[in-house]
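Okay, so here's the structure we're looking at.
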Amino acid sequence: MTESAEFSFSTVPHLVSGPGASSRLGILVRSHFPDARRALVVTDPGFLGTGLVGAPQRSLEQEHIAVHVWSEVVADPPESVVLQALEVARRHDADIVIGLGGGSSMDVAKLIAVLAGSEQPLGQIYGIGNVRGKRLPLVQIPTTAGTGSEVTNIAIVTTGATTKMGVVAPQLYADLAILDAQLTLGLPPLVTAATGIDAMVHAIEAFTSKHKKNPMSDNLARQALGLLSRTLLRACEHGSDLAARQAMLLGACFAGQAFSNAPVAAVHALAYPIGGIFHVPHGLSNSLVLPHVLRFNLSHASAHYAELAGIVAPGVTGSEEARANALIAAMEKIAASTGIQTTLRQVGVGAADIDRLADDAMLQTRLLGNNPRELTRDDIHGIYSAAY
């Protein structure tokens with residue numbers, strides 16, 4: 001789009017970024033929400049086990065805010081987990097919700113904040129713009145550098161054995177996001193890799209989104225790709241490098257701001273069934289199909305890909321087509337260098353499963369409609385086959 005075209009842009013109003021920032025959580029909450037008295041911290045058992053919940057919790061208690069830590073979030077959270085957390089929030093009469101974890105914890109925190117004080121049932125808010133009324137104050141603190149959920153207005157829920165539904169509404173934007181790399185120092189290299197590539201996918205898809213792409217989302221996508229491509233391998237190989245970890249968090253945040261306004265497309269549409277059926281982590285699912293979706297899109301997005309190639313592979317030259325292909329090659333090289341799986345068969349997908357994956361991906365109409373090139377079921381089947 002041209003810079004003179006009309007667009008809108010929304011994001012979290014307050015962002016604090018810096019190592020150790022989460023240890024000032026109480027002071028930050030008190031300054032933004034002077035009346036807060038009872039906080040529900042939403043996290044997962046793995047992160048609780050690190051002991052890193054302690055410092056943020058103590059800082060809240062020092063501000064005379066009672067804290068209840070609820071740590072039953074699981075990956076790809078089902079409705080039952082959301083409803084369980086909702087019951088806990090109401091029982092403790094929480095007046096502020098704090099998401100502390102990966103995308104799943106932050107997504108659950110969003111849903112609790114909008115449902116705890118509402119009569120709306122969960123099933124009524126799926127889709128776009130179906131949340132009514134206000135929500136509880138909401139703070140998000142990511143512990144992985146990937147999803148960008150701390151600055152998006154989207155929450156994903158597993159609604160059946162393998163199916164997922166999204167809630168998209170302005171009320172899901174948090175009031176405050178805190179980026180603290182100290183919380184990510186314990187991430188294993190493969191998790192660092194998969195979540196980092198997830199963030200890069202967000203930036204690439206936002207930059208090429210058919211709908212709502214705009215100058216602000218473009219700038220954030222470029223910044224995100226620059227930060228992530230420069231520091232991902234460093235963060236994987238030297239996990240204690242605080243500067244690299246902080247840059248990764250900031251890159252993931254920028255990518256989240258970009259795709260929350262210029263939505264993601266076919267990479268995510270094809271990744272969701274892989275995660276839903278085979279319980280593959282979301283970032284890895286994206287990474288597995290990314291190069292094959294990019295190749296499919298070349299005929300419609302080569303100019304954009306060529307521009308991004310200059311960020312991910314500095315110094316690349318040649319024709320637009322050559323530079324666009326250089327982006328794909330660079331993303332494949334990054335995935336291979338980190339040691340994560342690069343084919344569907346490596347994560348347990350059989351050749352006979354591709355039909356089912358294609359059927360499920362065709363249901364992701366909200367995402368497919370954003371892709372620069374329209375996809376048929378045969379196209380999707382072909383992309384999965386190439387990824388196999």
Side-chain angles (χ1 to χ4, degrees), residues 1-17 99 103 106-107 109-111 113-114 125-131 135 138 140 142 145-156 166-177 179 195 198-228 249-269 271-272 282-283 286 290 293 297 300-301 303-305 307-308 311 364-372:
M1 71 178 289
T2 63
E3 281 69 14
S4 60
E6 181 179 332
F7 72 94
S8 62
F9 186 92
S10 301
T11 193
V12 169
H14 301 285
L15 178 69
V16 177
S17 177
M106 290 188 286
D107 280 8
K110 292 174 186 177
L111 296 170
V114 300
I125 67 173
Y126 292 129
I128 299 173
N130 293 322
V131 174
R135 59 153 172 76
L138 176 62
Q140 298 281 34
T147 67
S149 183
E150 69 276 9
V151 289
T152 70
N153 63 338
I154 305 163
I156 304 295
V167 180
V168 184
Q171 293 95 328
L172 269 60
Y173 281 117
D175 299 292
L176 170 66
L179 310 179
T195 52
D198 185 24
M200 296 181 80
V201 172
H202 292 155
I204 293 169
E205 291 212 288
F207 197 75
T208 55
S209 187
K210 187 188 290 185
H211 302 296
K212 300 184 180 178
K213 172 180 164 70
N214 64 79
M216 285 190 72
S217 65
D218 284 353
N219 280 334
L220 286 159
R222 290 189 201 96
Q223 286 280 342
L225 270 182
L227 286 164
L228 294 161
L249 267 179
L250 194 57
C253 176
F254 286 167
Q257 289 175 311
F259 91 83
S260 190
N261 289 274
V264 292
V267 177
H268 278 71
Y272 279 156
H282 172 66
N286 273 333
L290 172 66
V293 173
N297 285 342
H300 288 61
H304 293 321
Y305 292 163
E307 183 177 344
L308 295 181
I311 298 171
Q364 300 293 334
T365 52
R366 176 177 68 86
L367 301 172
L368 292 173
N370 301 321
N371 203 58

Open item on the list: Tell me whether the rings of Phe207 and His304 are parallel (<30°), tilted (30 to 60°) or perpendicular (>60°).
Closed with: perpendicular
TODO: Mark yes when over 12 heavy atoms from residues, nucleotides or ligands other than Gln223 sit less than 6.0 Å from its CD; otherwise mark no.
DONE: no
Task: Spacing of Asn130 atom CG and Gln171 atom CD [to the nearest 0.5 Å] - done: 10.0 Å
Task: Distance (rounded to the nearest 0.5 Å) between Ile204 CD1 and Leu290 CG - done: 5.5 Å
- [ ] Give the intermediate values and the outcome of side-chain contact (heavy atoms from CB on, under 4.5 Å) for residues Ser10 and Asn153.
- [x] CA-CA 9 Å; Ser10 301; Asn153 63 338; over 6 Å; no
Open item on the list: Are Val168 and Arg366 packed together at the side-chain level, in the sense that at least one heavy-atom pair is separated by less than 4.5 angstrom?
Closed with: yes
Open item on the list: Applying side-chain hydrogen bond (donor to acceptor under 3.5 Å, both in side chains) to His268 and Asn286, what does each step give before you reach the verdict?
Closed with: CA-CA 6 Å; His268 278 71; Asn286 273 333; 3.3 Å; yes
Open item on the list: I need the Ile154 CD1 to Phe259 CZ distance, nearest 0.5 Å.
Closed with: 5.0 Å
- [ ] Mind checking side-chain hydrogen bond (donor to acceptor under 3.5 Å, both in side chains) for Asn297 and listing every partner two or more places apart, or none if nothing turns up?
- [x] Tyr305, Asn371
Open item on the list: Checking Thr147 against Thr152 for the side-chain contact (heavy atoms from CB on, under 4.5 Å) test, could you report, in this order, the C-alpha distance in whole Å, the side-chain angles of both residues, the deciding distance, and whether it holds?
Closed with: CA-CA 9 Å; Thr147 67; Thr152 70; over 6 Å; no
Task: From NZ (Lys213) to CZ (Phe7), nearest 0.5 Å - done: 12.0 Å
Task: Contacts of type side-chain hydrogen bond (donor to acceptor under 3.5 Å, both in side chains), residue Asn370, not counting sequence neighbours - done: none
Task: Partner set under side-chain hydrogen bond (donor to acceptor under 3.5 Å, both in side chains) for Asn219, not counting sequence neighbours - done: Arg222
Task: Residues Asp107 and Ser149: side-chain donor-acceptor under 3.5 angstrom - done: yes
